[in-house]
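To start, the structure under review is shown below, and the notes come after it.
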Amino acid sequence: MNAKTFLRFLVGGLLLAGYYLAPSFLRDGEGVAPIHPDNIEELWLVVPGEDGFHLRRSSDSWELVGRREIRADPAQVGSFLEGLGNARLEAPEGAPEVDWDAAPELHVALRRGNDLTLQLGPRVRPFRSQLVRTNGRVHRISFDLSASLGLWQGDFAWDADRILDRIPLLNEGEEIVRIRLSNAFSDYLLERTEEIVERREDQFGEEEKHYRWTSGGTHSDRNPSTAAMYRYSQDLKMLVVDGVAADLTPDSEAARTVTFTTSGGDTFEVATGQPLPGETRRLLWLRQPSPSDAYLVDDRFFHRFTPAGARLYESRPVFVTEASRGARITYERDGHLLVLERNQRGGWEITRPRIPYSIHTPEPEPGTPPESMAEMYASGLDSIGTEELFVPDTEDRELLVDGVFDEPAARLLVEDSDGDRLELLVSAPVAGTGRVFVSMNGKIGVLDERFIGRLAPDIKYFLNPREVEGRTIEW
C-alpha cells in the first residue's frame, strides 16, 4: 500500500469512527429534534446561482443523485457527518443583519422523522461556529458548515468536483493478472505467470514481486518487459480522475480501452474518449463492472493508465538511420526545405537555404565535449523507437494507413559518403490519437506526433537564439 492510499484510508477510518461514535446533533432543547447521523438518507446543497450537490446513501457509499456510478469522497462526507455529529445549537449573541433569501441551503432527508433545512449564514468564529437558520429561527451552530463544504464567507461559488470521489477505482490487496489494452493501432493481450523473476523491497519495507508476463494474440512472439509490466500493473490498481463531466456523456466509440482482471477474479473495463477541444483532458468512463457516467482525466494520468503498447515489451521495432554518420541530411516540412552537409573539417553546415548564420554550439555541461545543434539533431535520429506495434488486422486499421504517405507531413533523406540513401516519410497526425505513421524502406511504424517537429525542426533550432531573436528567416 503506497503512502497516499494509506493516508486516505487512515483519514477515512478516523472520520468514519467519529461518525459512528457520534451520538446525535442539532440538540438545543428548544424544539429541534436530535438527529443521529445514521438516520440520514440524503444530503443536498442548494447555492443560489451555482451548482450544488445531491447525495444519496447507498449500501456502502454516498452516490451523486442523477449520475451513474459516480460516488462522493468518503473522507469528505465522513468529515462533514462527524462535524454535524458533534455540533450543538446555541442562542446567537446579537442579531446581525443577514440576507437569508440569498443564503445557501443544506437539506437533510431522514429515514425516520421530519426532514431538516439549514440556511447557512455568516461564520461567527471561522472553523469553529457560524449562524444558521432553521424553522424560521436563527441559531449559532458549533461547527463551521460553510468551511466544511468549501463555501468561504463572502464567496459562495461552489466547485462541484469538491465532493467527488477522485479515486473511483481502487484495488488494494489484489494483484492484476490479465490485461487487454486496445487502441486504434493494436490490441495487446498480457497475462501474468506465477514465475517470480525478481524480489525487491519498496520504500515502506514491503516486498515487491516482479512476475514474468506473457503476450498473446498478434504479439505472442514478443516478451513483455518485467519492469514495465510491474509498473503498469501497479498503475492499474488506482484510477485517479480530475473531476466529473457535468454536461458531457461517454463517447459511443472509445479511443482506448483497458480491461483487466484481478487475482480475486474481478474484471474492470475503463474506456477513454478523444481529447477535448482546447483541453489537456479527456473523458473517461467505466464499462465494467457497472457502466458509469463520464469523468474528466488529465492527459498525464491518461498516458499512465493507457500507455504506448510497444513500451511494454523488452524490445520494440526501431528505425535505424545512422544519421550522425551521414554526409548529408535533407528534410521537407510544410513547404520548407533544409539541407545539412558535412564540410571538410567533418562538421555540419546549412547549405540550403543560404543564410548569414553559423550552426550554434551551446556551452557544454562541465566535463562533456562541445556538441553543435546539428550534431545533437543527427544523434537524436540515429535510432527511433516506435510507440505502438501496428497490425492492420481489421478494416478500420487498414483504412487508417491507406494513403497516409501520399502527402506526407514530413520527409527526411539521409545520404552517406558512398551515395547510399535512406528515406523516412511521416504522415499527418492520426485524428484523436496523438500519433503519426512513419515509413522507412516500406517498413511502417507508429510514433508520437511530436516526432514531426523532432524530425524536421524549424531552422532556428540550429542557430544561436541571441543572434536570431526577433528575426524572420526564410527557409
Listed once per pair and sorted, the salt bridge (charged side-chain N to carboxylate O under 4.0 Å, His left out) pairs that draw on residues 209-218, sequence neighbours left out: Glu195-Arg212
Considering all heavy atoms, the nearest Phe301-Leu239 contact: CE2-CD1, 3.6 Å
Residues that Arg71 engages under side chain to side chain donor-acceptor pair (under 3.5 Å), provided they are two or more places apart: none
Pair Ser225-Glu314, side-chain donor/acceptor within less than 3.5 Å: no
Pairs where residues 284-293 contributes a residue and the test salt bridge (charged side-chain N to carboxylate O under 4.0 Å, His left out) is met, not counting sequence neighbours: Arg67-Asp293, Arg68-Asp293, Glu269-Arg287
Thr272 and Phe302, any side-chain heavy atoms less than 4.5 Å apart: yes
Using a 3.5 Å cut-off and no angle test, enumerate the donor-acceptor pairs between side-chain atoms of residues 449-458 and protein atoms at least two apart in sequence or in another chain.
from   : atom 1 : to     : atom 2 : distance (Å)
Arg450 : NE     : Asp448 : OD1    : 2.9
Arg450 : NH2    : Asp448 : OD2    : 3.3
Arg454 : NH2    : Gly380 : O      : 2.3
Asp458 : OD1    : Lys460 : N      : 2.9

Validation row: Leu164, Tyr295 side chains within 4.5 angstrom (heavy atoms): yes
Asn183 side chain to Ser186 backbone, donor-acceptor under 3.5 Å: yes
Partner set under salt bridge (charged side-chain N to carboxylate O under 4.0 Å, His left out) for Glu198, not counting sequence neighbours: Arg200
Sequence neighbours excluded, every pair satisfying salt bridge (charged side-chain N to carboxylate O under 4.0 Å, His left out) that has a member inside residues 216-227: none
Salt bridge Glu349-Arg342, side-chain N to carboxylate O under 4.0 Å: no
Salt bridge (charged side-chain N to carboxylate O under 4.0 Å, His left out) partners of residues 271-283, not counting sequence neighbours, each pair once: Glu279-Arg281, Arg282-Asp299
Validation row: His336, Leu338 side chains within 4.5 angstrom (heavy atoms): no
Identified ring-ring contact (aromatic ring centres under 6.0 Å, His included) counterpart of Phe268 within the set Phe305, Phe260, Trp285: Phe260
Which residues share a side chain to side chain contact (heavy atoms under 4.5 Å, CB included) with Ser220, sequence neighbours left out: none
Please table the atom pairs, donor to acceptor, closer than 3.5 Å between any side-chain atom in residues 431-445 and protein atoms at least two apart or in another chain.
from   : atom 1 : to     : atom 2 : distance (Å)
Thr433 : OG1    : Val430 : O      : 2.7
Thr433 : OG1    : Arg435 : N      : 3.1
Lys443 : NZ     : Val318 : O      : 3.4

Which donor-acceptor pairs under 3.5 Å do side chains of residues 464-475 form with protein atoms, sequence neighbours excluded?
from   : atom 1 : to     : atom 2 : distance (Å)
Asn464 : OD1    : Arg466 : N      : 3.0
Arg471 : NE     : Glu467 : O      : 3.2

Residues Tyr188 and Ser215: side-chain donor-acceptor under 3.5 angstrom: no
Side-chain H-bond candidate by donor/acceptor type, Glu175 with Ser263, under 3.5 Å: no
Closest non-hydrogen atom pair, Ser182 against Asp187: OG-OD1, 2.8 Å
Less than 3.5 Å apart, which donor and acceptor atoms pair up between the side chains of residues 405-416 and the rest of the protein, not counting sequence neighbours?
from   : atom 1 : to     : atom 2 : distance (Å)
Arg411 : NH1    : Glu423 : OE2    : 3.0
Asp416 : OD1    : Asp418 : N      : 2.9
Asp416 : OD1    : Gly419 : N      : 3.0
Asp416 : OD1    : Asp420 : N      : 2.9

Glu207 atom CD, over 12 foreign heavy atoms within 6.0 Å: yes
NZ/NE/NH1/NH2 to OD/OE distance under 4.0 Å, Asp235 and Arg231: no
His360: side chain to side chain donor-acceptor pair (under 3.5 Å) partners, not counting sequence neighbours: none
Identified salt bridge (charged side-chain N to carboxylate O under 4.0 Å, His left out) partner of Arg56 from the options Glu42, Glu63, Glu41: Glu42
His210 and Tyr230 aromatic ring geometry - parallel, tilted or perpendicular at 30°/60° bounds: parallel
